[in-house]
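This is the structure, below, for whatever I ask next.
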Amino acid sequence: MSPETGRRLRVATVNVNGIRAAYKRGMAEWLADRDVDILCLQEVRAPDDILRGLLGDSWHILHAEAAAKGRAGVAIVSRPAPTATRTHIGDDYFETSGRWVEADFELAGVTLTVVSAYVHSGEVDTPKQEDKYRFLDVMSERLAELRLTRDHTLLVGDLNVGHTQLDIRNWKGNLKKAGFLAQERAYFDRFFGDEFGFVDVHRRLAGKVDGPYTWWSWRGQAFDNDTGWRIDYHLATGDLAAAAADAVVDRAPSWDTRFSDHAPLVVDYRL
């Protein structure tokens, strides 16, 4: 199907770095003006009643809280009602980690499964990095299952890995740091290769350019100098990726107008 035809489905993903803080900084105004159909959140870091109170009653909300208060938490917030939902990636070790939710939608006569995922940031030579690799292993298994059993699959979220040199401004200085390790990037080689067949939608639409980045440190002049990382993704199966018409990073106009250290990544699909 040509991306110029069909009904538009707008899917946005953003790590909010705490939903309460994001709303205090202006997230509600961004969301009100963006006409999003499906919004995927990471690092909600709030109880379910807080999230629902902030978003209001006009959304269908699937939220997986982390057992550790003030940590992680992912959600899928949608205008269309999902036909099925799941909050388990397939490994009991991550059952209460607040890092994975799935929702099925019946759209245009096909089943679309949307995943909101928050991959561990990791830290070299620590248990945090071991957890990251374990999660990426289980994520690989689940993606393979979804690709075989759904018409369309779309995984979005903060995946905490820059895949190529184009995805990190200072890639040379991060070769031995979590987020740009060769072992981490090898997972994404597989995701976007023939073995898995997923497409990096943002990269396909942006082309071979630096970034566009989606995360900048709060510290120093990283945002002003655009010293960022592209670690927020839309991973889509082939036919869905072919229906992607536009991808935009909603980068705030200035450092002090940001509602998170991540910017929303918004993609329009024509189904």
Side-chain angles (χ1 to χ4, degrees), residues 1 3 6 9-15 38 40 42 74 76 86 88-91 94 99-105 107-108 110-120 132-168 179-209 211-212 214 229-249 265-271:
M1 176 181 289
L9 179 73
R10 178 165 290 170
V11 182
T13 182
V14 58
N15 179 321
I38 300 175
C40 295
Q42 301 86 44
V74 291
I76 298 175
R86 294 165 296 278
H88 199 290
I89 192 175
D91 184 341
F94 298 114
R99 294 181 178 274
W100 186 272
V101 285
E102 299 177 12
D104 296 339
F105 299 92
L107 301 171
V110 298
T111 300
L112 166 65
T113 294
V114 176
V115 180
S116 178
Y118 175 44
V119 175
H120 306 64
K132 185 175 189 177
Y133 288 135
R134 179 168 178 170
F135 191 87
L136 287 168
D137 285 336
V138 181
M139 187 173 107
S140 301
E141 295 172 4
R142 184 57 182 154
L143 282 177
E145 293 172 355
L146 290 172
R147 182 192 177 200
L148 294 174
T149 57
R150 301 298 190 278
D151 297 314
H152 301 303
T153 297
L154 176 64
L155 181 146
V156 305
D158 176 5
L159 305 188
N160 266 314
V161 177
H163 182 212
T164 75
Q165 295 174 9
L166 295 175
D167 298 323
I168 301 180
F180 202 59
L181 298 172
Q183 186 175 345
E184 295 173 332
R185 292 184 285 128
Y187 284 92
F188 287 72
D189 291 340
R190 294 175 64 207
F191 296 154
F192 302 136
D194 293 338
E195 180 181 358
F196 283 80
F198 280 82
V199 176
D200 182 346
V201 174
H202 186 199
R203 175 56 67 208
R204 171 179 281 185
L205 292 173
K208 293 184 178 180
V209 299
T214 61
W229 295 51
R230 191 180 75 93
I231 53 177
D232 301 270
Y233 290 84
H234 280 229
L235 273 64
T237 44
D239 288 345
L240 181 62
D246 189 43
V248 177
V249 176
L265 172 59
V266 186
V267 180
D268 287 349
Y269 298 88
R270 299 286 178 180
L271 297 179

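Keep in mind that this is a model prediction, so the values were computed, not measured. Values below: all heavy atoms of this structure, side chains included; hydrogens, waters and symmetry mates excluded.
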Between D232 and V156, does a side chain to side chain contact (heavy atoms under 4.5 Å, CB included) hold up when you go through it step by step?
-> CA-CA 7 Å; D232 301 270; V156 305; over 6 Å; no
Which value, rounded to the nearest 0.5 Å, describes the distance between L154 atom CG and L146 atom CG?
->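 Reported value, rounded in 0.5 Å steps: 11.0 Å.
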Can you name the closest pair of heavy atoms from V201 and A244 and give their distance?
->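 Distance-wise, the nearest heavy atoms are CG1-CB, 3.6 Å.
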Any donor-acceptor pair under 3.5 Å from R230 side chain to V161 backbone =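 No, the answer is negative, given that no donor and acceptor are paired below the 3.5 Å cut-off.
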Heavy-atom side-chain proximity of M139 to L136 below 4.5 angstrom |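 Yes; the side chains approach each other to less than 4.5 Å.
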For E145 and T149, work out which heavy atoms get closest and say how close.
->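 Where E145 meets T149 most closely, the heavy atoms are O-OG1, 2.8 Å.
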Indicate the ring-plane relationship of F188 and F191, choosing parallel, tilted or perpendicular according to the 30° and 60° boundaries.
->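 Plane angle over 60°, so perpendicular.
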Mind checking the OG1-CG spacing from T214 to D158? Nearest 0.5 Å is all I need.
->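 So the OG1 of T214 and the CG of D158 are separated by 7.5 Å.
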Once you round to the nearest 0.5 Å, how far does CG of L155 lie from OG1 of T237?
->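 Reported value, rounded in 0.5 Å steps: 11.0 Å.
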Output, in order, the C-alpha distance, side-chain angles, deciding distance and verdict of side chain to side chain contact (heavy atoms under 4.5 Å, CB included) for L235 and F192.
-> CA-CA 8 Å; L235 273 64; F192 302 136; 3.6 Å; yes
After noting the C-alpha distance and the side-chain angles of L107 and L9, does the key distance pass the side chain to side chain contact (heavy atoms under 4.5 Å, CB included) rule?
-> CA-CA 9 Å; L107 301 171; L9 179 73; 3.9 Å; yes
Would you name the heavy atoms of G238 and V199 that are closest together and state the gap between them?
->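 Result for this residue pair: CA-CG2, 4.4 Å.
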Do F105 and I38 have side chains that get closer than 4.5 Å, going by heavy atoms?
->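 They are in side-chain contact.
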CZ/F180 to CD1/I168 distance, rounded to the nearest 0.5 angstrom?
->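 Rounded to the nearest 0.5 Å, the CZ-CD1 separation comes to 5.0 Å.
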In Å and rounded to the nearest 0.5 Å, what is the CZ to CZ distance from F94 to R99?
->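 Interatomic distance, F94 CZ to R99 CZ, rounded to 0.5 Å: 8.0 Å.
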Salt bridge check: are R185 and D167 linked by an N-O gap of less than 4.0 Å?
->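 Answer for the salt bridge query: no.
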For S140 against Y187, the heavy-atom pair lying closest together |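 Scanning both residues, the minimum pair turns out to be OG-CD2, 3.8 Å.
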What pair of heavy atoms forms the shortest contact from D91 to R134, and how long is it?
->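 Between these two residues, the closest heavy atoms are OD2-NE, 2.9 Å.
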Apply ring pair (Phe, Tyr, Trp, His ring centres under 6.0 Å) to the pair Y233 and H163, showing each step before the final yes or no.
-> CA-CA 10 Å; Y233 290 84; H163 182 212; 7.7 Å; no
Compare every heavy atom of L205 with every heavy atom of A245, then report the nearest pair and how far apart it is.
->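 A245 and L205 have their closest heavy atoms at C-CD1, 4.4 Å.
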Is there a donor-acceptor pair closer than 3.5 Å between any side-chain N or O of R147 and the backbone N or O of F196?
->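 Confirmed, R147 side chain pairs with F196 backbone.
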Working to the nearest 0.5 Å, report the span between CG of L159 and CD of Q42.
->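 The CD atom of Q42 is 8.0 Å from CG of L159, to the nearest 0.5 Å.
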Residue pair V115 / R142, side-chain heavy-atom distance below 4.5 Å |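 No; the side chains remain at least 4.5 Å from each other.
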Could you go step by step and tell me if R86 and T113 meet the side chain to side chain contact (heavy atoms under 4.5 Å, CB included) rule?
-> CA-CA 10 Å; R86 294 165 296 278; T113 294; 3.9 Å; yes
For the side chain of K132 and the backbone of N160, is there at least one donor-acceptor N/O pair under 3.5 Å apart?
->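 Yes; judged by distance alone, with no hydrogens or angles, the pair exists.
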